[in-house]
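Computed from a predicted structure; not experimentally measured.
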Amino acid sequence: MIRILIVDDHPIVRAGLRRIAEDDPAIAVTGEASNGQDALDALRQTVADVVLLDVTMPGAPFTDTLRRLREEHPTVRVLVLSAHPEDQWAVRALRGGASGYLTKDHSPDQLLDAI
């Protein structure tokens with residue numbers, strides 16, 4: 001079972017990601033957060049193998065959140081999700097310790113494969 005934490009500031013996006021993930025019997029959503037700080041707080045209270053992390057959220061820049069996630073939870077994989085083209089953010093995400101980068105225009109099946 002792959003346990004995931006969904007981090008996105010849009011409730012409708014979180015709900016959609018949850019639905020996609022829960023359609024796969026090998027995935028369990030263990031939590032949600034609307035910003036980076038809430039994600040860090042959630043990981044202190046719940047177990048996740050993968051964090052789905054949005055690039056654009058209120059609060060600290062995603063690179064700071066990614067750095068803190070990697071420092072505080074080094075075994076948790078981070079899949080960065082973004083509406084921005086890959087050439088703008090993917091390199092920063094991967095250099096920052098993300099395990100993968102996926103734009104939000106990919107299909108649900110591609111998201112499940114990435115997880």
Side-chain angles (χ1 to χ4, degrees):
M1 179 70 60
I2 300 171
R3 300 161 296 188
I4 66 170
L5 173 69
I6 300 170
V7 186
D8 193 294
D9 58 322
H10 297 98
I12 200 164
V13 172
R14 288 195 312 269
L17 291 170
R18 176 180 280 277
R19 251 185 113 146
I20 291 166
E22 289 178 342
D23 279 346
D24 187 318
I27 298 174
V29 177
T30 58
E32 295 182 14
S34 60
N35 61 56
Q37 185 58 55
D38 288 349
L40 293 164
D41 293 344
L43 283 173
R44 291 183 193 105
Q45 299 174 20
T46 190
V47 177
D49 303 304
V50 177
V51 172
L52 301 181
L53 179 65
D54 185 26
V55 166
T56 309
M57 291 184 294
F62 101 94
T63 50
D64 291 351
T65 300
L66 179 58
R67 179 185 51 76
R68 288 188 60 204
L69 278 168
R70 301 306 304 138
E71 288 172 359
E72 295 178 24
H73 306 279
T75 62
V76 173
R77 304 284 184 160
V78 180
L79 176 59
V80 174
L81 300 175
S82 176
H84 304 288
E86 291 177 25
D87 59 346
Q88 291 182 359
W89 295 97
V91 172
R92 282 186 245 184
L94 296 171
R95 283 188 180 155
S99 298
Y101 183 94
L102 199 64
T103 57
K104 291 181 179 177
D105 61 352
H106 282 81
S107 72
D109 286 339
Q110 289 170 310
L111 173 62
L112 293 173
D113 287 345
I115 292 170

In one Ile/Leu/Val/Met/Phe/Trp/Tyr side-chain cluster, 4.5 Å: [X], [Y]:
X	Y	result
Leu69	Val55	yes
Val13	Val7	no
Met57	Val76	yes
Val29	Val50	yes
Leu17	Leu79	yes

Taking Asp8 as the fixed residue, which of Arg18, Lys104, Arg14 is the one that meets the salt bridge (charged side-chain N to carboxylate O under 4.0 Å, His left out) rule?
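That would be Lys104.
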Would you name the heavy atoms of [X] and [Y] that are closest together and state the gap between them?
X	Y	answer
Ala114	Leu102	CB-CD2, 4.3 Å
Ala33	Ala39	CB-N, 3.5 Å
Leu43	Ala48	CD2-CB, 3.7 Å
Leu66	Gly96	CG-O, 3.5 Å
Ser99	Arg77	OG-CD, 3.2 Å
Tyr101	Ala93	CD1-CB, 3.9 Å

Within a 6.0 Å radius of atom CZ on Arg19, are there more than 12 heavy atoms belonging to other residues, nucleotides or ligands?
no
Taking atom NE2 of His10 as the centre, does the number of heavy atoms from other residues, nucleotides or ligands within less than 6.0 Å exceed 12?
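For His10, atom NE2 is not crowded (no more than 12 foreign heavy atoms under 6.0 Å).
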Which hydrophobic side chains are connected to Met1, either touching it within the sub-4.5 Å cutoff or through other members that do?
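None; Met1 is a cluster of one.
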Which residue pairs pass the ring pair (Phe, Tyr, Trp, His ring centres under 6.0 Å) test when at least one of the two sits in residues 27-82, sequence neighbours left out?
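For residues 27-82, and leaving out neighbouring residues, the ring pair (Phe, Tyr, Trp, His ring centres under 6.0 Å) pairs sorted by first residue read Phe62-Trp89.
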side-chain contact (heavy atoms from CB on, under 4.5 Å) for Ile20 and Ile27? Distances and angles first, verdict last.
CA-CA 10 Å; Ile20 291 166; Ile27 298 174; over 6 Å; no
Keeping Thr103 on the side-chain end and Ala83 on the backbone end, is there a donor-acceptor pair under 3.5 Å?
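Looks like no, no N/O pair under 3.5 Å.
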Would you find a donor on one side and an acceptor on the other, under 3.5 Å apart, between the side chain of Thr30 and the backbone of Arg3?
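No: the side chain of Thr30 does not pair with the backbone of Arg3.
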What's the separation between atom [atom1] in [X] and atom [atom2] in [Y], rounded to the nearest 0.5 Å?
X	Y	atom1	atom2	result
Asp24	Asp109	CG	CG	9.5 Å
Leu53	Leu5	CG	CG	9.0 Å
Leu40	Asn35	CG	CG	9.0 Å
Arg95	Thr63	CZ	OG1	13.0 Å
Arg67	Glu72	CZ	CD	9.0 Å
Leu112	Ser107	CG	OG	8.5 Å

